[in-house]
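Single-structure report; data block below.
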2 protein chains.
Amino acid sequence: MDVKFKCNCPFTSALDVVGDKWLLVIVKQMLIEGKETFKDFTESDEAIATNILSAKLKFLEEVGIIIKTQRPDNKKTNHYLLTQKGLGLTPVLIELAIWSDKHLRDIHPSIVNGEAMEFLRNDKVAFAHALEQNYRKNMAKTLNKSSVG
Amino acid sequence: MDVKFKCNCPFTSALDVVGDKWLLVIVKQMLIEGKETFKDFTESDEAIATNILSAKLKFLEEVGIIIKTQRPDNKKTNHYLLTQKGLGLTPVLIELAIWSDKHLRDIHPSIVNGEAMEFLRNDKVAFAHALEQNYRKNMAKTLNKSSVG
DNA sequence: ATTTTTGCTGGCGAAATGCAAGTAATAATT
DNA sequence: AATTATTACTTGCATTTCGCCAGCAAAAAT
């Protein structure tokens with residue numbers, strides 16, 4: 001289940017890891033939608049099958065993009081969190097969204113186009129920063145909540 | 001063979017198109033390595049199988065990322081060129097390379113690390129610009145060459 | 001006229017994906 | 001304390017995609 005690198009090209013090597021139908025979707029769900037638990041992922045719009053989800057989470061953990069944690073008050077529910085390596089994928093996701101915005105509306109007109117998209121168009125660096133800050137903040141909040149209550 | 005969009009999320013929608021093992025590798029080969037013909041691709045480091053290559057080129061053409069052209073002096077060799085939509089993926093590729101550089105060297109130490117990588121680290125916007133300019137220049141050159149000689 | 005190159009296509013086994021059902025452990029409810 | 005519900009998976013099986021290899025026709029080079 002470990003990565004096979006085709007060559008020493010930095011572009012291709014990244015794709016050897018995350019160039020997959022599901023991996024970046026999972027990272028996006030964590031970063032943008034704050035999903036953490038197995039159940040969170042199964043309830044998503046993208047509807048990933050549980051066996052695939054299980055395998056992909058295992059893989060993401062193996063390569064160090066996420067870590068599996070538990071809360072002291074719950075021995076069952078696993079919480080998957082992005083590592084630095086995982087958060088480092090934020091700019092990749094952002095460029096993908098920008099590309100969608102510019103080049104995909106012709107064949108897929110119903111792509112969302114709200115104020116978040118406008119923020120992203122106006123200042124992608126700030127948007128990336130805000131996303132990462134927000135992720136860290138929420139992570140701290142939920143971690144704290146569980147250890148208190 | 002056409003795209004199935006899972007939802008209206010701009011992140012996921014981009015991945016519905018290019019979130020694949022091969023598509024971005026092919027785009028990278030065109031942009032960075034100047035590959036244009038079927039044979040060029042088959043001779044790459046990444047060694048894509050011909051049937052897959054054929055299918056992927058067809059798909060990339062369908063979604064408008066590349067176009068298939070011919071030179072007046074050669075009725076056999078097809079030249080695949082990036083469209084604006086295709087060139088628009090440059091920032092995505094660049095962010096992937098940056099991520100590799102930062103986060104993949106621990107599990108894949110032989111990733112190339114020359115002066116191009118340094119240029120990329122120092123100024124990714126300039127790097128992207130240079131890449132696109134270079135692509136257009138070479139495209140013009142080869143197009144010109146064929147119509148002359 | 002013959003050989004080589006180019007751009008594919010087709011067959012077939014292997015791997016990845018997707019759907020549905022099942023399970024075991026924990027947590028919540030009564 | 002007993003029952004029910006939830007969570008995080010696993011298993012089985014059908015379908016799709018991948019990947020190697022061989023072949024092949026049209027065009028180009030010799």
Side-chain angles (χ1 to χ4, degrees), chain A residues 1-7 12 15-26 29-30 35-62 66-81 142 145-146 149, chain B residues 1-7 12 15-26 29-30 35-62 66-81 142 145-146 149:
Chain A
M1 181 71 147
D2 53 271
V3 202
K4 294 277 167 235
F5 290 103
K6 286 194 267 289
C7 56
T12 306
L15 292 166
D16 281 333
V17 179
V18 297
D20 168 275
K21 211 171 175 178
W22 286 114
L23 296 178
L24 284 179
V25 172
I26 292 173
Q29 291 182 351
M30 296 176 79
K35 294 189 190 299
E36 278 187 12
T37 65
F38 197 91
K39 197 179 172 246
D40 286 344
F41 294 114
T42 62
E43 285 167 345
S44 71
D45 275 5
E46 287 96 352
I48 181 167
T50 58
N51 56 341
I52 314 278
L53 176 59
S54 172
K56 297 301 174 184
L57 287 173
K58 209 163 284 174
F59 176 81
L60 286 170
E61 202 187 352
E62 264 178 43
I66 65 174
I67 44 163
K68 194 200 262 189
T69 63
Q70 288 208 333
R71 302 295 154 78
D73 59 333
N74 190 319
K75 288 178 180 172
K76 175 177 207 183
T77 304
N78 295 319
H79 291 255
Y80 299 91
L81 302 176
T142 48
K145 197 192 289 175
S146 72
Chain B
M1 180 69 149
D2 52 271
V3 202
K4 293 277 168 237
F5 289 104
K6 287 194 267 287
C7 57
T12 307
L15 292 167
D16 282 333
V17 179
V18 297
D20 167 279
K21 212 172 175 178
W22 286 114
L23 297 178
L24 284 180
V25 172
I26 292 172
Q29 291 183 351
M30 297 176 78
K35 294 192 191 296
E36 279 188 12
T37 66
F38 198 91
K39 198 179 172 247
D40 286 344
F41 294 114
T42 62
E43 285 167 346
S44 71
D45 275 4
E46 287 95 353
I48 182 165
T50 58
N51 56 341
I52 314 278
L53 176 59
S54 172
K56 297 301 174 185
L57 287 173
K58 211 164 282 174
F59 175 81
L60 285 171
E61 202 188 351
E62 263 178 44
I66 64 173
I67 44 163
K68 193 199 262 192
T69 63
Q70 288 207 333
R71 301 297 154 77
D73 60 333
N74 190 320
K75 288 181 179 168
K76 176 176 206 183
T77 305
N78 295 319
H79 291 255
Y80 298 93
L81 301 176
T142 48
K145 196 193 289 173
S146 70

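Everything quoted here is computed from the prediction, not taken from an experiment. In what follows, every chain begins at residue 1, and chains take the letters A, B, ... in the order their sequences are listed.
- A/D40 and A/T37 form a side-chain donor-acceptor contact under 3.5 Å, judged by distance and modelled atom types alone.
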What does the list of N/O pairs under 3.5 Å between the protein and nucleotides 10-16 of chain C look like, with a distance for each?
residue	atom	partner	partner atom	Å
C/dG11	O6	B/N51	ND2	3.4

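- Here the NZ atom belonging to A/K21 is positioned 10.0 Å from the NZ atom belonging to A/K56, to the nearest 0.5 angstrom.
- Taking NE2 from B/H79 and CD from B/Q70, the interatomic distance works out to 8.0 Å, rounded to the nearest 0.5 Å.
- Residue A/Y80 is the one, among B/N74 and A/Y80, whose nearest nucleotide of DNA chain D lies closer to the 5' end (criterion: closest heavy atom).
- A straight line from CZ of A/F41 to P of C/dG18 spans 17 Å, rounded to a whole angstrom.
- In this structure, the helix from C/dA1-D/dT30 to C/dT30-D/dA1 shows an angle of 20° between the axis at its start and the axis at its end, each fitted on 5 base pairs and rounded to 10°.
- The side chain to side chain contact (heavy atoms under 4.5 Å, CB included) test applied to B/K68 returns B/E61, B/N78, B/Y80, not counting sequence neighbours.
- Separating the CD1 atom of A/I48 from the P atom of C/dA20 is a distance of 16 Å, rounded to the nearest angstrom.
- In this structure, the side chain of B/D16 engages the main chain of B/K6 through a donor-acceptor pair within 3.5 Å.
- If you check D/dA28, C/dC8, C/dG18 against the side chain of B/K75, the one that comes closest is D/dA28.
- Atom pair B/L53:CG and C/dT9:P shows a separation of 11 Å (rounding to whole Å applied).
- The NZ atom of B/K4 sits 14 Å away from the C1' atom of D/dT16 (whole-angstrom rounding).
- The CD1 atom of A/I26 sits 12.0 Å away from the NZ atom of A/K35 when rounded to the nearest 0.5 Å.
- In this structure, the side chain to side chain contact (heavy atoms under 4.5 Å, CB included) partners of A/K76, at least two apart in sequence or on a different chain, are A/N74.
- Closest non-hydrogen pair, A/F41 versus A/L53, comes out as CB-CD2, 3.6 Å.
- Every side chain to side chain contact (heavy atoms under 4.5 Å, CB included) that A/I67 has, sequence neighbours left out, goes to A/T69, A/L81, A/T83.
- The distance from atom CZ of B/F59 to atom C1' of D/dT16 is 15 Å, rounded to the nearest whole Å.
- For D/dT17, the OP1/OP2 oxygens have no side-chain nitrogen or oxygen of B/W22 closer than 4.0 Å.
- Atoms NZ (A/K58) and P (D/dA8) sit 14 Å apart, rounded to a whole Å.
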Subject >> Where protein sits on nucleotides 1-7 of chain D, one letter per nucleotide: B base, S sugar-phosphate only, - none, heavy atoms under 4.0 Å >> reply: -----BB
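- Protein atom CD of B/Q70 is 14 Å distant from nucleotide atom P of C/dT6, rounded to whole Å.
- Taken to the nearest 0.5 Å, the CD1 atom of B/I52 stands 8.5 Å off from the CH2 atom of B/W22.
- Between B/E46 atom CD and D/dC18 atom C1' there is a gap of 17 Å when expressed in whole angstrom units.
- For the atom pair CZ (A/F38) and OG1 (A/T77), the distance works out to 12.0 Å, reported to the nearest 0.5 Å.
- OP1 or OP2 of D/dA8 has not a single side-chain nitrogen or oxygen of A/T42 nearer than 4.0 Å.
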